[in-house]
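Note sheet for the following structure.
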Number of protein chains: 2
Amino acid sequence: MSTHQKLIDSARHLIQTRGYNGFSYADVAEEVQVRKASIHHHFPAKSDLARAVVEQSRAVIVEQTRTLGGGAFDPVEQLRMYTGYWEKCIADASAPFCVAGMLASELPTLPTDLAQEVRAHFRDLSNWLEIVMTRGAQLGRFELQGSARQEAEAFMAMVYGAMLAARAYGDPTVFSDIVASGLKRLAPAGAS
Amino acid sequence: MSTHQKLIDSARHLIQTRGYNGFSYADVAEEVQVRKASIHHHFPAKSDLARAVVEQSRAVIVEQTRTLGGGAFDPVEQLRMYTGYWEKCIADASAPFCVAGMLASELPTLPTDLAQEVRAHFRDLSNWLEIVMTRGAQLGRFELQGSARQEAEAFMAMVYGAMLAARAYGDPTVFSDIVASGLKRLAPAGAS
DNA sequence: CGTTACCTACCTTCTAGTAGGGTGATATAA
DNA sequence: TTATATCACCCTACTAGAAGGTAGGTAACG
């Protein structure tokens, strides 16, 4: 793997565990085994590095949203895959927090270009969720309380809140339990 | 007000907006108009100051829980008061985030004594919520999906997730909307 | 020969924290 | 009622280390 990508991966891991204000170029340099100045060669400023991390995350979501265009997908299964992904990440501690969620909490301290990227990530994610919610309601799989948009925001909030709770308790099962109850509430007859 | 209390209040505000790793004694010194060394006189280490902040927050919750002992309270009203408090704080930007929530996201980077205090705050809060949930179920005001404990954790996660979403979008109404839908789901016939 | 990647060496600014001194109030002892 | 000791409080001045970032050089490669 290229040094460029190694730097991004290292930064992602550090942001997930320590936040933007909690890691330094020295940390990345040690993880990737290069000198600090080499990181500046690839990413002149710290915000450039963090922005690259968020951009890659966004690309994944946008790609996911694109594949939903056809309309032939199971909404319940989509949500389960999404939450299941994080369940696994949190359980094995490989990625104990969504990078955008972490950065969102630090938003007032972030450089403006990075802050914009983080906001865009949230828009992307809730767009994707809105499509899934709409489809789920059409198919009669979801019992929506409000609009699809509102349900999307509420679901997103629950997932991020569950991450925070799991971190606070130091217990991955907290995340699983909260998310399971949220899914159950959304899709009472939730057979996949 | 005593300098001691002014320092705590300033630190609370700074943690809420910038996080533990995002503020320094220099920031507090400027807000309170004293010298850095004077802060060290009251709080030798940064974690001592942050710990005092969380301790005061915990005291409020514990007091709230104590008054619930009698059993003569309206569960729906209790939850509305809780969420309404944050709604107001977020709307007027006076306290745009719960201090413990902010610290929880940074938990892996915190000094151990402070981390313990943050975990204790979450226990206190979910204990209070569990009592409210139990009482609400007994009175037939809440439709619980799982145990009172699980519902308490889920509700807490929703509130913190809603704070994060509101910050990400820079829009206080996001918090209100998410929390309103959560309350509605919990208490469908939610007349106070 | 220019570009890419990486390096050593350095700079400035900020960080938490320390050492030690001055002041004013309060308690104590003559 | 003084003289004195103690204390809380706040200050100036300083430290060592870490922060993000720069300057300028070397080596490989097309």
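Bear in mind that the values here come from a model prediction, so they are computed numbers and not experimental data. Excluded from the calculations below are hydrogen atoms, water molecules and symmetry mates; all remaining heavy atoms, backbone and side chain alike, are included. Residue numbers start from 1 in every chain, and the chains themselves are labelled A, B, ... in the order their sequence lines are given, proteins ahead of strands.
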Which nucleotide in D:dC11, C:dG17, C:dT8 has an atom nearest any side-chain atom of B:H40: C:dG17
- prompt: Would you say the ring centroid of A:F155 lies under 6.0 angstrom from that of A:F142?
  reply: no
message: Tell me the interatomic distance from B:K36, atom NZ, to C:dA19, atom C1', rounded to whole angstroms.
response: 14 Å
message: Between P on D:dC10 and NE2 on B:H4, what's the gap in Å once rounded to a whole number?
response: 11 Å
- request: For B:E30, look at atom CD and say whether over 12 heavy atoms of other residues, nucleotides or ligands are found less than 6.0 Å away.
  value: no
- prompt: Picking from C:dG17, D:dC10, C:dA9, which would you name as closest to the side chain of B:A45?
  reply: C:dG17
- request: For B:R35 and D:dC9, give me the distance from atom CZ to atom P, rounded to whole Å.
  value: 18 Å
message: How about CD on B:Q5, more than 12 heavy atoms from neighbouring residues, nucleotides or ligands closer than 6.0 Å, or not?
response: yes
message: Please determine whether a side-chain nitrogen or oxygen atom of A:T3 lies at a distance below 4.0 Å from atom OP1 or OP2 of C:dA5.
response: no
message: Run A:Q64 and A:Y82 through side chain to side chain donor-acceptor pair (under 3.5 Å) and show every step you take.
response: CA-CA 10 Å; A:Q64 284 278 326; A:Y82 170 58; over 6 Å; no
Protein-nucleotide distance (B:L49, atom CG; C:dA16, atom C1'), rounded to Å: 12 Å
- prompt: Which part of the nucleic acid, if any, lies within reach of A:F23 when heavy atoms closer than 4.0 Å are counted: base, sugar-phosphate only, or nothing?
  reply: sugar-phosphate
message: From CD1 of B:I39 over to C1' of C:dT18, roughly how many Å is that when rounded to an integer?
response: 15 Å
query: To the side chain of A:H41, which of D:dG20, D:dT12, C:dT4 is closest?
result: C:dT4
query: Is A:L139 reachable from A:L79 through a run of hydrophobic residues whose side-chain heavy atoms are each under 4.5 Å from the next?
result: no
query: A:K46 has an atom NZ; how far is it from atom C1' of D:dG20, in whole Å?
result: 8 Å
- prompt: Among D:dA19, C:dC7, C:dA5, which is the nearest nucleotide to the side chain of A:H42?
  reply: C:dA5
Nearest listed nucleotide, side chain of A:A37, among D:dA23, D:dA13, C:dA16: D:dA23
message: Please confirm whether the shortest side-chain N or O distance from A:S38 to OP1 or OP2 of C:dC7 is below 4.0 Å.
response: yes
field: A:L114 CG - D:dG20 P separation (whole Å)
entry: 14 Å
- prompt: Taking atom P of D:dA19 as reference, at what distance in whole Å does atom CZ of A:F43 sit?
  reply: 19 Å
